[in-house]
Number of protein chains: 2
Amino acid sequence: MRTVFAQCSVEYSGRLDAHLELANRLLMVKADGSVLVHSDGGSYKPLNWMSPPCTMSVREPDGEETDAGVSEVWEVSNNKTSDLLVIRLFEVLADYAHDLGTEPGLIKDGVEAHLQQLLAEQVDRLGGGSLIRREYPTPIGPVDLMIRDTNGTYVAVEVKRRGEIDGVEQLTRYLDLLGRDPLLQPLRGIFAAQAIKPQARVLAEDRGIECVILDYDEMRGIDHPEDRLF
Amino acid sequence: MRTVFAQCSVEYSGRLDAHLELANRLLMVKADGSVLVHSDGGSYKPLNWMSPPCTMSVREPDGEETDAGVSEVWEVSNNKTSDLLVIRLFEVLADYAHDLGTEPGLIKDGVEAHLQQLLAEQVDRLGGGSLIRREYPTPIGPVDLMIRDTNGTYVAVEVKRRGEIDGVEQLTRYLDLLGRDPLLQPLRGIFAAQAIKPQARVLAEDRGIECVILDYDEMRGIDHPEDRLF
DNA sequence: GAGTCAATGTCGCAG
DNA sequence: CTGCGACGTTGACTC
């Protein structure tokens, strides 16, 4: 990993064209050749970047560039997509490099999969019935849970951490398709999430989809600790 | 901007919980207090981070941490969301800081807004008619273009750089709502994009939505240079 | 501040 | 490899 603090200007051409005027910025060059241009604000997204796989070449400035004060030009390109990032360095404030070794990787805990698993064991929260299966297949992707309620009605359940409009659309597509299967009649839908945004709720209910709020802590409390990872 | 190369371990708790085992990484501390943890690969996304507004405090390691070899502990928190990022520094390889000054900002060309603007001036590409307005309002968000064609039929147009299934869903919602307005009858939809994925096209045409491919270079060629930024 | 939509989205998994 | 959905999405803009 190499980091260069430098006064620079940047041109990007690829999916779009973008341009950065002369200013001081942090340039990061990673071991895989990828390059990031960071300013001293914003968030984690760089102002410009080039993703791997890419190759970086350094060239001398041409006459015009030299006259403008350019000391060095970096050209980073992705041959496949023909994206090109050109960084013109003027004054270089600092240039540091360190070997970081291997990255063990990020470990994530407790996401939607866990919520779905808990809910599969606690069908009562959805009004009861019996679980047919998790990840019930349809031609356009699996429904999170398929249940048959105590009246014999099939229930397709979409589980989300946060219930938004996209989730309702997704469940609607599933219901649309599953509704064509005569063996799955009658059929209804439940949209279950830790929180459901008002517009998502309105859209869901307008389409006859029931909304259920899930209490993760409560669900986890009922869960058997010995079955879980932590 | 401060960059620290250090052997460290990281814990994050917020929307989810995540942790990073001990390894060498680059820590960036920006002027606004935000912190990024980068490895020597991946892409521009950090392994962990804390977005502004947030506050970073540095504390001495406790007894247990000292025994484990921790030299310093960074705690970065966002009071609003109660997100917390804890970075335990073991060996510090380097610690650099430079003032970058103000960032003039990124200038972009070729994004959807530009495509929409060009298309508004070149309604012929959609079969002709007259533009009623860009960003035609509906209760669930604005339609990119509203046109009245030569037959007097209203045409709601969704413009995308890349036409995918989400865009068709979006336009369908608009058509659904606008179809209830008796003043906008008859009404049809056009899905216009630089490229349209096969499934998106199938879905669109199944719903009676016409698909139109846009040639950006051609559209830009017809555009009047004096009206544009560069 | 909430809602809505775009993004050089990126990432990860399954087919 | 491609499609597809999730993401601590982030960011920009409107109401």
Side-chain angles (χ1 to χ4, degrees), chain A residues 10-18 34-37 41-52 54 76 78 80-85 105-106 108-113 115-116 135 137-142 144 158-162 164-167 169-170 173-174 197-200 202-203, chain B residues 12-18 34 36-37 42-52 54 76 78 80-85 105-106 108-116 135 137-144 158-162 164-167 169-171 173-174 193 197-200:
Chain A
V10 183
E11 309 291 330
Y12 166 76
S13 177
R15 305 269 185 86
L16 57 67
D17 295 308
S34 58
V35 178
L36 283 63
V37 181
S43 71
Y44 71 66
K45 192 177 179 181
L47 295 163
N48 279 112
W49 70 93
M50 183 66 70
S51 305
C54 61
V76 192
N78 180 325
K80 248 184 197 159
T81 62
S82 72
D83 284 23
L84 178 66
L85 185 69
L106 186 69
K108 292 183 181 179
D109 307 334
V111 271
E112 181 185 312
L115 207 60
Q116 188 199 109
E135 304 289 345
T138 82
I140 54 168
D144 287 336
E158 181 63 35
V159 183
K160 292 274 181 243
R161 287 191 303 111
R162 289 179 300 171
E164 298 179 20
I165 214 159
D166 278 6
E169 294 290 14
Q170 196 181 338
R173 286 199 295 273
Y174 292 143
K197 294 208 174 182
Q199 328 86 278
V202 168
L203 186 64
Chain B
Y12 167 76
S13 177
R15 303 277 182 81
L16 58 71
D17 297 310
S34 58
L36 284 63
V37 181
S43 71
Y44 72 65
K45 192 176 179 180
L47 295 162
N48 279 112
W49 70 94
M50 185 65 71
S51 307
C54 63
V76 193
N78 180 324
K80 250 185 197 158
T81 62
S82 73
D83 284 23
L84 179 65
L85 185 69
L106 185 68
K108 290 184 183 184
D109 177 32
V111 286
E112 182 191 305
H114 191 211
L115 208 58
Q116 189 200 108
E135 303 290 346
T138 83
I140 54 168
V143 180
D144 288 335
E158 180 63 34
V159 183
K160 291 275 182 237
R161 288 192 306 109
R162 289 182 302 175
E164 299 179 19
I165 214 160
D166 277 5
E169 294 290 13
Q170 196 180 339
L171 179 54
R173 286 198 298 273
Y174 293 143
K197 293 205 176 183
Q199 325 90 285

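In the text below, chain A, chain B and the rest are named by the order of the sequence lines, each starting its count at 1. The model shown is predicted, which means the values in this text are computed figures rather than measured ones.
Here dT10(C) is the nucleotide among dT10(D), dT8(C), dT10(C) with the atom lying nearest to any side-chain atom of S51(A). Candidate nucleotides dG5(D), dT10(D), dA6(C) were compared by shortest atom distance to the side chain of Q170(A), and dG5(D) ranks first. Set against dG3(D), dT8(C), dC5(C), the side chain of K160(B) has dC5(C) as its closest nucleotide.
Nucleotides dA6(D) and dA7(C) are separated by 15 Å at their C1' atoms, to the nearest Å.
Across all strands shown, M50(B) has heavy atoms under 4.0 Å from base atoms, whether or not it also approaches the sugar-phosphate. Residue-level contact check: E164(B) touches neither bases nor backbone, having no heavy atom under 4.0 Å from any strand. The residue E158(B) sits close only to the backbone: its heavy atoms come under 4.0 Å of sugar-phosphate atoms, none of a base.
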Identify the pairs formed between an N or O of the protein and an N or O of nucleotides 12-15 of chain D at a distance under 3.5 Å, and give each distance.
none

Enumerate all atom pairs, one protein N or O and one N or O from nucleotides 11-15 of chain C, separated by less than 3.5 Å.
| residue | atom | partner | partner atom | Å |
| --- | --- | --- | --- | --- |
| dC11(C) | OP1 | S43(B) | OG | 2.6 |
| dC11(C) | OP2 | S43(B) | OG | 3.2 |

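Here dG8(D) presents its P atom at 6 Å from CH2 of W49(B), a figure rounded to the nearest Å. Between N78(B) atom CG and dT10(D) atom P the separation is 11 Å, expressed in whole Å. dG8(D) atom P lies 10 Å from atom CG of N48(B), rounded to whole Å.
For dA6(C), the OP1/OP2 oxygens have no side-chain nitrogen or oxygen of Q116(B) closer than 4.0 Å. Proximity of R173(A) to the phosphate of dG5(D): a side-chain N or O atom is located under 4.0 Å from OP1 or OP2. One finds no side-chain N or O of R161(B) lying less than 4.0 angstrom from the OP1 or OP2 phosphate oxygen of dA6(C).
Taking the side-chain hydrogen bond (donor to acceptor under 3.5 Å, both in side chains) definition, one finds that S43(B) meets it with nothing, sequence neighbours left out.
The residue among L85(B) and K80(A) whose nearest nucleotide of DNA chain D lies closer to the 5′ end is K80(A).
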